[in-house]
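It should be emphasised that the depicted structure is a prediction, and the values quoted were computed from it without experimental measurement. Naming convention: chains lettered A, B, ... in sequence-line order (proteins, then strands); numbering from 1 in each chain.
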Amino acid sequence: ETGVTQSPTHLIKTRGQQVTLRCSSQSGHNTVSWYQQALGQGPQFIFQYYREEENGRGNFPPRFSGLQFPNYSSELNVNALELDDSALYLCASSLGGSSGNTIYFGEGSWLTVV
Amino acid sequence: QKEVEQDPGPLSVPEGAIVSLNCTYSNSAFQYFMWYRQYSRKGPELLMYTYSSGNKEDGRFTAQVDKSSKYISLFIRDSQPSDSATYLCAMGGGRRALTFGSGTRLQVQP
């Protein structure tokens, strides 16, 4: 167990809808990252939040947005869902904003867009 | 060309075999190297973390980094059916987020 919890575990949405995924980081961790993992691929970095501020973003459009709260939990929001957004969305937490810090993943949220 | 290349497999070996998994990379800025194990429909689990060239051993697992060749490896000794999973290499440096390989699927046959 990594102490990183995500919800919901599975969900199905219709193209054009909006979705919010939630993550509780490991106790004491102030950094949360979100990754998208398509079937058969490695995780792709979406963005990272450090002390409630976005401090890094991958090659994802603005319809992918996020928040980090004072207790360091986080949300990932995706607007105007497309079929290609179907993937496993992974939250990872760490202490500090550098990739040199060990990061721990949650079990992920499986999103299917139909 | 991808920054991190990893053979997707699948790799099938008999129980007890030594398994070698590899990744190559192109970006010299990578300083930290990790191996994650991912069981089907689960999140990645950190196996090994290294930040320098050389070997690091943990039980049946050995991680090897060769920065001059931009090549990393994970060796699994005495492989078990429970080792059957997808193995992901990941790399980072400074404030860069982790860059992952596409994963190698390993099947250990009893």
Salt-bridge contact B:E57-B:R77 (side-chain N to carboxylate O under 4.0 Å):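 Looking at B:R77 together with B:E57, the answer is yes, because their closest N to O distance falls below 4.0 Å.
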Proximal component of A:F47, with respect to chain B [non-hydrogen, under 4.5 Å]: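 Answer is neither: A:F47 stays 4.5 Å or more from chain B.
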Under 4.5 Å from a heavy atom of chain B, the part of A:Q6 involved: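 Neither part, no heavy atoms under 4.5 Å.
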Contacting moiety of [X], where chain A heavy atoms sit under 4.5 Å:
{"X": "B:E45", "answer": "neither"}
{"X": "B:P44", "answer": "both"}
{"X": "B:R41", "answer": "both"}

Interface residue of largest heavy-atom contact number with chain B, from A:G56, A:G40, A:P43, under 4.5 Å: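 The candidate making the most pairs under 4.5 Å is A:P43.
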Parallel, tilted or perpendicular: ring planes of B:Y25 versus B:F33, cut at 30 and 60 degrees: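 Answer is tilted, since the angle falls between 30° and 60°.
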Whether over 12 other heavy atoms sit under 6.0 Å from B:K42 NZ: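 Not buried by this count: 12 neighbours or fewer within 6.0 Å.
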Heavy atoms from other residues, nucleotides or ligands near CD of A:Q44 exceed 12 (cutoff 6.0 Å):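 Result for CD/A:Q44: open.
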A:Y35 ring center near B:F100 ring center (under 6.0 Å):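 Yes, they do, as the ring centres are separated by less than 6.0 Å.
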